[in-house]
Amino acid sequence: MGTESIQSPIVQFVALDKLIAMGRANSLWPLTFGLACCAIEMMATGCARFDLDRFGAGVFRPAPKQSDVMIVAGTISKKMAPAIQTLYEQMPHPKWVIALGNCAISGGPFVFEGQYGIVEGADKFLPVDVFIPGCPPRPEALIEGILELEEKITGSRRWPRVEAG
Amino acid sequence: MLRDRIKTALAALSPLEITETDHAKKGYDLDVQVSPDQVPAAAEAIRQEEFFIEAVTGVDWFGEQAAIVAEAAKVKAAAAKKAAAAAAAAAEAGGEAVPPAPAPEAPAEEAELLPDVMEVVYDFSHYQENCRVVVRTRVPRDNPELPTISSIFQGANWHERETHDFFGIRFLGHPDLTPLLLPEDADFHPLLKDFKA
Amino acid sequence: MNPEIIRVVGYVVAVIAFVALNAAMLVWMERKVAGHIQRRIGPKEVGPFGILQSFADGIKLMTKQLIVPEGADVLLFKVAPMLVMIPAIMCFVTIPFSEQLAARNINVGLLLIFAIASVNVFALLLGGWASNNKYAVISAARAVSQNVAYEIPMLITAITVVMFTGTMNLQEIVLGQAGGFWNWNIFPVGKNIGMVVVMPISFLIFFICSMAETNRAPFDLGEAESELVAGFHTEYAGMGFGLFFLGEYANVFIGCSLSVILFLGGWQGPFGLLPGVHWFLLKVYFLIFVVMWMRWTFPRTTFYGLLNLSWKILIPISLFNLVLTGAFIKVF
Amino acid sequence: MSEMACDKHKETFVLNMGPQHPATHGVLRVKLVMDGEYIVEAEPVLGYIHRMHEKMGENRTWAQFMPNMGRLDYLGALSYNHGYAAAVERAAGIAVPERAEYIRVMTVELNRISSHLLWMGAYLLDLGGFTPLLYAFDDREKILDMLERVTGSRLTYCYFRFGGLYNDVDDQFLAEAKGFVARLRSRLPMYHTLVTKNVILMQRLKGIGVIDADMCRRYGVTGPVARGSGLNYDVRKNEPYSVYPQFDFDVPVYTEGDSMARYMVRMDEIEQSLRIVEQAIDGLPDGPVMAEKVPKIVKPPKGDYYHAVEAARGSFGVRLVSNGTNTPYRMKLRSPTYSNLSLLAEVAKGVTVADAVAFMGSLDLVIPEIDR
């Protein structure tokens, strides 16, 4: 696959595509949608100290039709999963999913042998773009997640990555 | 004293057992055992004294009877062994021919296995005085049924529904026993000790 | 070709550009104002001071998938957002930005604006109803009764101004306030000492009503998000939603500019200084800032509180005001 | 319902509020039968975030269950830590050093303030006022910073141990806490001018969702909701635990029973909690923060035990049933908002949606704690 040469279209809209990608990346409106503990940290990220609005991502829309990114913040119970699926399907393309916190990644601390109530991770039924670990993740982690998503959309990172250590 | 008042009020119902407990050790003051059909009457008496309902819950004593029987058998076997040993020791000491100790009876024969039970626990507390009353009742595990108190304490409605969710205990006369916390079509009772997902 | 037509067409293009850019600017301003009121900084990373934020939003909204919900009335669903924009743009025809800058000086300009602006509520109703969503329908019903309720005191107070100035021509109303801020209609000490009692109240009622007409907080019951998710535009995605948004800001601008023209001297400077478009925009943006300030300070009223305010308080006061106006014009 | 449908003058329809809805604070669903803007019937549907806490209690050891307390009610997690630790300590007969209890009280009260602040902000958000939320979060962040310093986490604390604490507080924490008390005291009047005295707020809250004392009794309502209905019930006073008897604080009680009363109770409670924190800092005794003879594996003797604490939302009770092994036999968690929410159906009858939202917000719901 990778070695095949793909013929490029005669008319290219690289600049336009780039512009659209830039627009999308800088205007990621999340869905107001909290499930559990992580939702509080999501709120904290939007509030005074961390201010997600700096990146244009602070417009929390209550209606799925108007939002671009779904932040799955919390444990997904089996009763809730169909509703989440519906919400995701209601969002117009292009749309992204961020799994915030261990519960949305894998079920987190609520996985044990014989558990009967939860779905072990959002990626069981949603195409997740960014995973943010933590229980709950700090607001900085969510901001980093948004930056990662921007990088995924535009292909370039807003700020240089800070290496650990 | 509220505790004495409620005690006399409940004693009039002839419950199975009333125990005063140490609040510092147990966390409640009065432990009342009643039979299932006495529960509404007890709740009514408690309501008269202006208590409020804290919670209703269940406990599944699955295997308790078997454990009791096993325990009894163990004690019995130990006792028999001890007696046999004593007899042997006596025989050794006396040298006389002692009649052999009777063989221990088979445990299954002597203690018949009672059906397992589930316990329903009602917690009540009072807004003015520090007094907690626990009402317990036991229902058979294979047919767990007892009357509801949701017409006396409306708050019991959800607690009983939850208990039904978790244990399958049916509250007769309850307005709506559809699953509350579990999915609407759930037919399992996860807090039963023999529940397997 | 008639140069007049070219002038009008040119003006329409300019107005559309102005409405779009102005809305973009107002969205940015709203977010910045909100941010600073809320101890944060608001958009910052997209362009200098986040000034390009609205363009990013615009690009995104325009390239979003359009969804028509199942069971919706497709035609009405698609028409409603346009119906929001068209009256908003038409209203700009008669608004005098300065002595020279006005598309058409119509001698019933005030009436025209009120007539056209009322179509706006029709769009909300259609949008809400066509969406086939219960929240949207409730919200549309709310928006209609709210608009009906507030149209009345708004018109009555407008009549006080018309009685006082004797004209419905917006340009003439502005010209009548020339000479300095003591001649402005809000506090006309220079012209009619009796009206000093009436006009501030009229201004207050007019301003409150124009806020309610444009569905701005604390009267944003149409899109009360804690009750009705997103109100009449719950089902709108992409640019459909974007047009509702643009329309809202265009209406805010019209409401504030009407307040400025009727009460604050339009494009007249406060000390008889240079008249011009700068003064007009300055005053309008100040009023818009006040509108935003209110939005980020007050909680939302209830629907019944809102109607009570209109029917029981604003309408009686405005009627009383009308009577007083007649009396004072006669006496002084 | 069928009567309604037959009644030609009344045309009702069903409105589903939630599970994703801005006013439900998470994933509560309320089925509303509406007649125009008025609610004919309201039925909450729970379980969308049922996380099996009680089942988990039966398959981990006593100590392993502690982290669940942080997830149960993530806004006032330390009260839940306190309730569970105290219940196990009561069962196993472990005495806690006084310094540890002082620090427990101090952190629990700070946590209570942060919970009430968040509630205030979120409640105003329900009512359509956006800004107070950000002010509240701004102050709340200060508390989170302090608590993070000693507990290691921002939200889902697991700080208490059977017999004491995970670690001691340092001087910087005490200094910061002292500074915070002064800071919040000076900011509370600002909240009152911005929020409490607002005409629109008063109009929206006064006389809305009235609960009387008898209704509280029937539904088992506790916490600020009960205190807003004239009931002077606070577990800290009525059933003293920990070192609360050593502190001087009042229990705010309002008799109106409406949403405004509940609002005022919580605002006054912030002040009282500040008083407790201040006294705890001043009177903090020296000594260890962990009891000496705590067994590595706790095995409470057979029997059942109950312990209630006053959490931010009301009386949180833990009913333990031990069979003498290292795992609980049954773990019943009595959560306050479960009882508080159950009266929604009765109160919401005949009110408008907006008032129902105002009422529901005044109950201070944390859904994961209801669903458990």
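Each chain gets a letter, A, B and so on, in the order the sequences are listed, and its residues count up from 1. Since the structure is predicted, the reported quantities are computational estimates derived from the model, not experimental observations.
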Give the ring-plane orientation class for C:Tyr304 versus D:Tyr38, where under 30° counts as parallel, over 60° as perpendicular and anything between as tilted.
tilted
C:Pro299 pairs by side-chain contact (heavy atoms from CB on, under 4.5 Å) with which of D:Val199, D:Ile200, D:Leu205, D:Thr131?
D:Ile200
Nearest atoms (heavy-atom pairs only) where C:Lys134 meets D:Phe13
CD-CD1, 3.9 Å
Can you name the residues that form a side chain to side chain contact (heavy atoms under 4.5 Å, CB included) with C:Phe241, not counting sequence neighbours?
A:Trp29, A:Arg61, A:Gln66, C:Leu61, C:His233, C:Tyr236, C:Phe245
How long is the span from the CD1 atom in C:Ile37 to the CG atom in D:Leu134, to the nearest 0.5 Å?
11.0 Å
Tabulate, in ascending numerical order, the residues of residues 184-194 of chain D having at least one heavy atom closer than 4.5 Å to a heavy atom of chain C, or enter 'none'.
D:Arg187, D:Leu194
Could you measure the distance from the CZ atom of C:Arg40 to the CG atom of D:Asp138? Nearest 0.5 Å is fine.
12.0 Å
Rounded to the nearest 0.5 Å, what's the gap from CG on D:Leu125 to CZ on C:Arg300? Could you check?
8.5 Å
Going by the rule side chain to side chain contact (heavy atoms under 4.5 Å, CB included), which residues pair with D:Leu344 if we only count those two or more places apart in sequence or in a different chain?
D:Val30, D:Pro44, D:Leu341, D:Ala348, D:Phe359, D:Met360
Does any non-hydrogen side-chain atom of C:Ile138 lie less than 4.5 Å from one of D:Val353?
no
With a 4.5 Å cut-off on side-chain heavy atoms, are D:Leu15 and C:Tyr135 touching?
yes
Does C:Phe289, at its CZ atom, have more than 12 non-hydrogen atoms belonging to other residues, nucleotides or ligands within less than 6.0 Å?
yes
Taking atom CH2 of C:Trp129 as the centre, does the number of heavy atoms from other residues, nucleotides or ligands within less than 6.0 Å exceed 12?
no
Residue D:Phe137 versus chain C: region with a heavy atom under 4.5 Å:
neither
How about C:Tyr285: does its OH atom have over 12 heavy atoms from other parts shown lying under 6.0 Å from it?
yes
Can you sort out the partners of C:Phe49 under ring-ring contact (aromatic ring centres under 6.0 Å, His included), two or more places apart, ordered by chain and number?
none
